[in-house]
Peer 1: 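This is the structure I want to talk about, given as structure tokens.
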Amino acid sequence: MRSDVVKKGIDRAPHRALLKSVGVSNEDLEKPFIAVVSSYVEILPGHVGMRELAEEVKQGVREGGGVPFEFNTIGICDGIAMGHVGMKYSLPSREVIADSIELMVQAHQFDGMVLLTNCDKITPGMLMAAARLDIPTIVVTAGPMLSGYFRGKRVGVISMFEAVGELKAGKITEEDLKELEEVACPTWGSCNGLFTANTMACLTEALGMSPPGCATIHAVDARKRRIARCAGRRVVEMVHEGLTPSKIMTREAFENAVMVDVALGGSTNTVLHLPAIAAEAGVELEIEMFDELSRKVPQITTILPNGPHTMEDLDRAGGIPAVMRELSPLLHLDALTVTGYNVARNIASARVLDREVIRSIRNPVTKEGGIAILKGTLAPRGAVVKVAAVSPEMRYHEGPARVFDSEEEAMKAILGGRIQPGDVVVIRYEGPRGGPGMREMLGPTAAIVGMGLSESVALITDGRFSGGTRGPCVGHVSPEAAEGGPIAALRNGDVIVIDILNRRLDVVLSEEEIAERLREWTPPEPKVPRGYLARYAKMVSGSDRGAILKA
């Protein structure tokens with residue numbers, strides 16, 4: 001066992017003495033040492049209940065014949081960080097999470113890991129660590145929160161963001177907003193729709209790194225505690241079997257995850273996270289793959305923000321096993337999973353229990369999947385749009401640019417009534433390097449929806465969007481403005497063409513005019529001159545490569 005290096009032999013007597021000081025017995029020294037990596041954080045709704053789950057995992061490890069050691073990593077709540085400087089730190093935290101796990105596991109030479117996670121950057125950061133370390137690992141995602149109810153309608157955190165725009169538009173009162181605020185988020189867990197946290201939970205299961213059914217079991221459901229205990233037992237078996245992430249996170253597994261992603265209509269943030277995880281696993285995952293698979297895999301669900309259903313509905317309809325069973329003619333069924341069985345074995349007994357929630361591939365929501373990669377004169381290396389959340393009428397849009405150099409400037413203009421039907425709002429210098437940190441911008445998108453402009457106004461950015469975003473919003477424009485990409489050359493009034501059907505994002509300017517403007521362009525001063533974000537800005541790659549840190 002790996003852990004023998006810290007507990008076997010005469011020269012390790014000091015190490016054994018230290019281990020015994022924390023309660024390790026002589027019998028324990030013969031057992032696998034298992035890291036239980038919890039991302040418990042008191043301010044994070046998706047994680048605040050993890051202490052009980054960690055105890056279940058540790059009990060399972062003990063029952064399986066291992067010795068559990070719990071440690072924590074950080075976790076940022078994207079909802080609380082949204083709309084201010086705090087959001088600059090969210091995506092960069094992914095790398096800190098991966099690095100912190102590497103440091104702890106390598107320093108103490110654990111034999112295996114259970115990763116207890118839930119929210120937006122924490123899950124991909126933990127998966128990056130799993131791929132990098134390649135020791136037996138199983139992931140338990142802590143589950144969604146239940147929906148709230150407001151005047152007979154199911155609501156959640158996205159309802160709150162959109163209600164801000166509704167208030168500004170005079171559609172609701174401050175009393176309405178306060179009443180909604182009291183009921184929108186009634187339990188702990190990840191937010192109730194197919195936003196980034198729940199999308200990544202679903203894709204972790206599709207990758208084979210979580211137990212079947214784990215992604216959609218809600219945080220307050222007793223089944224989640226049972227699955228956590230089973231995961232603890234199972235990881236000890238994986239240590240004895242030598243089943244590591246490199247045997248699970250293969251090219252075929254990533255293709256399965258992308259197919260589930262586009263079939264669900266998941267968050268566009270997966271186009272950042274899956275390539276970053278794949279890079280750690282030594283698998284090249286081009287962003288073009290998302291588009292290729294989206295053209296052949298139909299969208300079969302309408303989960304919030306893409307439709308009326310929530311994660312409760314998806315779980316009740318059979319969860320990810322049922323989705324994968326429906327997609328089985330398209331999937332790599334031989335791909336191995338943490339159960340020790342392949343996908344085919346895992347989904348053999350799965351059934352779709354509600355055809356309103358999980359449609360047949362012969363009767364899909366749309367014939368193509370929910371994500372598209374656009375290229376053109378504004379995005380030579382690509383841009384991303386969640387097609388599933390764009391109405392058919394807005395899948396082609398041509399209009400004048402309204403250019404802003406920060407989210408704050410754009411938000412002020414939107415809420416100030418200065419955006420007109422037909423406009424294309426451009427928010428630049430918000431990419432991985434320019435932000436720095438590539439902020440999610442749910443505030444502007446939700447305000448556009450709340451003010452009734454989502455059927456007439458488009459938004460493009462070199463930043464990114466929350467998984468809760470809906471409407472014609474194109475993100476991840478690459479190269480970003482801070483790199484001197486064409487988006488840096490835009491001026492107010494330039495005509496922008498968004499053509500989702502033909503996968504194009506263009507500005508109606510000649511190549512010569514764009515080149516001339518860029519010759520006159522001056523790189524901006526760094527927005528953050530010191531600290532972690534300053535280092536991050538110097539090292540981060542473009543969004544088309546997953547915004548990973550360059551060695």
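Residues: numbered from 1 along the sequence shown. All figures in this text were calculated on a predicted structure; none of them were measured in a lab.
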Peer 1: Hey, does the side chain of N72 reach the backbone of S39 with a donor-acceptor pair shorter than 3.5 angstrom?
Peer 2: no
Peer 1: Which distance, rounded to the nearest 0.5 Å, do you find between the CG of N192 and the OG1 of T187?
Peer 2: 9.0 Å
Peer 1: Rounded to the nearest 0.5 Å, how far apart are OG of S159 and CG of L304?
Peer 2: 7.0 Å
Peer 1: Does a side-chain N-to-carboxylate-O contact under 4.0 Å join E480 and R433?
Peer 2: no
Peer 1: Among D120, L127, T123, T196, exactly one meets side chain to side chain contact (heavy atoms under 4.5 Å, CB included) together with H273. Which residue is that?
Peer 2: T196
Peer 1: Is it the case that the side chains of D506 and T377 hold a donor-acceptor pair, with the cut-off being a distance below 3.5 Å and no angle test?
Peer 2: yes
Peer 1: Can you tell me if T244 uses its side chain to pair, donor with acceptor, with the backbone of I135 under 3.5 Å?
Peer 2: no
Peer 1: Of all the heavy-atom pairs spanning A388 and Q299, show the shortest one and how long it is.
Peer 2: CB-OE1, 3.2 Å
Peer 1: Can you tell me which residue among K88, K121, R94 is in a salt bridge (Lys or Arg N to Asp or Glu O under 4.0 Å) with D78?
Peer 2: K121
Peer 1: Are the side chain of Y532 and the backbone of P92 linked by a donor-acceptor contact shorter than 3.5 Å?
Peer 2: yes
Peer 1: Kindly say whether G46 contributes a backbone atom to a donor-acceptor pair with the side chain of S190 at under 3.5 angstrom?
Peer 2: no
Peer 1: Evaluate the criterion salt bridge (Lys or Arg N to Asp or Glu O under 4.0 Å) for residue pair R251 and E286; output intermediate values, then yes/no.
Peer 2: CA-CA 11 Å; R251 172 79 180 194; E286 316 83 4; 3.4 Å; yes
Peer 1: So which heavy atom on C77 is nearest to which on I43, and how close?
Peer 2: CB-O, 4.4 Å
Peer 1: Judged by atom type as modelled, is there a donor-acceptor pair below 3.5 Å linking the side chain of D494 to the main-chain atoms of R491?
Peer 2: yes
Peer 1: Distance only, no hydrogens: is a donor on one side chain within 3.5 Å (strictly under) of an acceptor on the other, for R381 and S478?
Peer 2: yes
Peer 1: How close do L505 and A383 get, heavy atom to heavy atom, and via which atoms?
Peer 2: CD2-CB, 4.0 Å
Peer 1: Test your reading of the model: is there a side-chain donor-acceptor pair from H476 to the backbone of G382, 3.5 Å cut-off?
Peer 2: no
Peer 1: What closest approach, in Å, do P472 and M394 show between heavy atoms, and which atom pair accounts for it?
Peer 2: CG-CE, 3.5 Å
Peer 1: Would you say the side-chain atoms of T199 pair up with the backbone N or O of G266, donor to acceptor, closer than 3.5 Å?
Peer 2: no
Peer 1: Looking only at heavy atoms, what is the nearest atom pair of R395 and V387, with distance?
Peer 2: NH2-O, 3.1 Å
Peer 1: Distance-only check: which donor-acceptor pairs under 3.5 Å involve side-chain atoms of residues 451-466, not counting sequence neighbours?
Peer 2:
{"from": "E455", "atom 1": "OE1", "to": "S391", "atom 2": "OG", "distance (Å)": "2.6"}
{"from": "E455", "atom 1": "OE2", "to": "S391", "atom 2": "OG", "distance (Å)": "3.3"}
{"from": "S456", "atom 1": "OG", "to": "L453", "atom 2": "O", "distance (Å)": "3.4"}
{"from": "T461", "atom 1": "OG1", "to": "I427", "atom 2": "O", "distance (Å)": "2.7"}
{"from": "T461", "atom 1": "OG1", "to": "G463", "atom 2": "N", "distance (Å)": "2.8"}
{"from": "D462", "atom 1": "OD1", "to": "Y429", "atom 2": "N", "distance (Å)": "3.3"}
{"from": "D462", "atom 1": "OD1", "to": "E430", "atom 2": "N", "distance (Å)": "3.0"}
{"from": "D462", "atom 1": "OD1", "to": "G431", "atom 2": "N", "distance (Å)": "3.4"}
{"from": "D462", "atom 1": "OD2", "to": "Y429", "atom 2": "N", "distance (Å)": "3.2"}
{"from": "D462", "atom 1": "OD2", "to": "A481", "atom 2": "N", "distance (Å)": "2.9"}
{"from": "R464", "atom 1": "NE", "to": "M438", "atom 2": "O", "distance (Å)": "2.5"}
{"from": "R464", "atom 1": "NH1", "to": "N269", "atom 2": "OD1", "distance (Å)": "3.1"}
{"from": "R464", "atom 1": "NH1", "to": "E440", "atom 2": "OE2", "distance (Å)": "3.0"}
{"from": "S466", "atom 1": "OG", "to": "G468", "atom 2": "N", "distance (Å)": "2.8"}

Peer 1: In Å and rounded to the nearest 0.5 Å, what is the CE to OG1 distance from M145 to T310?
Peer 2: 12.0 Å
Peer 1: Is the backbone N or O of S267 less than 3.5 Å from a side-chain atom of T270, with the two atoms forming a donor-acceptor pair by type?
Peer 2: yes
Peer 1: Check this for me: E511, atom CD, are more than 12 non-hydrogen atoms of other residues, nucleotides or ligands nearer than 6.0 Å?
Peer 2: no
Peer 1: Are the side chains of W188 and P45 in contact, using a 4.5 Å heavy-atom criterion?
Peer 2: no
Peer 1: Does the side chain of T141 come under 3.5 Å of the side chain of T117 through a donor N or O and an acceptor N or O?
Peer 2: no
Peer 1: A quick test of your reading: do over 12 heavy atoms of other residues, nucleotides or ligands sit less than 6.0 Å from CZ of R132?
Peer 2: yes
Peer 1: Going through the distances and angles, do K178 and E181 end up as a salt bridge (Lys or Arg N to Asp or Glu O under 4.0 Å)?
Peer 2: CA-CA 5 Å; K178 179 64 175 176; E181 178 185 325; 3.7 Å; yes
Peer 1: So, are R503 and E288 salt-bridged, with charged N and O less than 4.0 Å apart?
Peer 2: no
Peer 1: Return yes if some donor-acceptor pair links the side-chain N/O of H84 with the main-chain N/O of I80 below 3.5 Å, else return no.
Peer 2: yes
Peer 1: Would you find a donor on one side and an acceptor on the other, under 3.5 Å apart, between the side chain of N198 and the backbone of F195?
Peer 2: no
Peer 1: Between R517 and E513, does any side-chain N to carboxylate O distance fall below 4.0 Å?
Peer 2: yes
Peer 1: Does a side-chain N-to-carboxylate-O contact under 4.0 Å join D176 and K171?
Peer 2: no
Peer 1: Distance-only criterion, 3.5 Å: show the donor-acceptor pairs between side-chain atoms of residues 161-169 and protein atoms not counting sequence neighbours.
Peer 2:
{"from": "E162", "atom 1": "OE1", "to": "R470", "atom 2": "NH2", "distance (Å)": "2.8"}
{"from": "E162", "atom 1": "OE2", "to": "R470", "atom 2": "NE", "distance (Å)": "2.9"}
{"from": "E162", "atom 1": "OE2", "to": "R470", "atom 2": "NH2", "distance (Å)": "3.4"}

Peer 1: Using the rule given for salt bridge (Lys or Arg N to Asp or Glu O under 4.0 Å), can you reason through E409 versus K412, listing the C-alpha separation, both sets of side-chain angles and the distance that settles it, and then say yes or no?
Peer 2: CA-CA 5 Å; E409 291 178 22; K412 188 179 297 183; over 6 Å; no
Peer 1: Identify, with sequence neighbours excluded, every residue that meets side-chain contact (heavy atoms from CB on, under 4.5 Å) alongside H332.
Peer 2: E252, E255, N256, M259
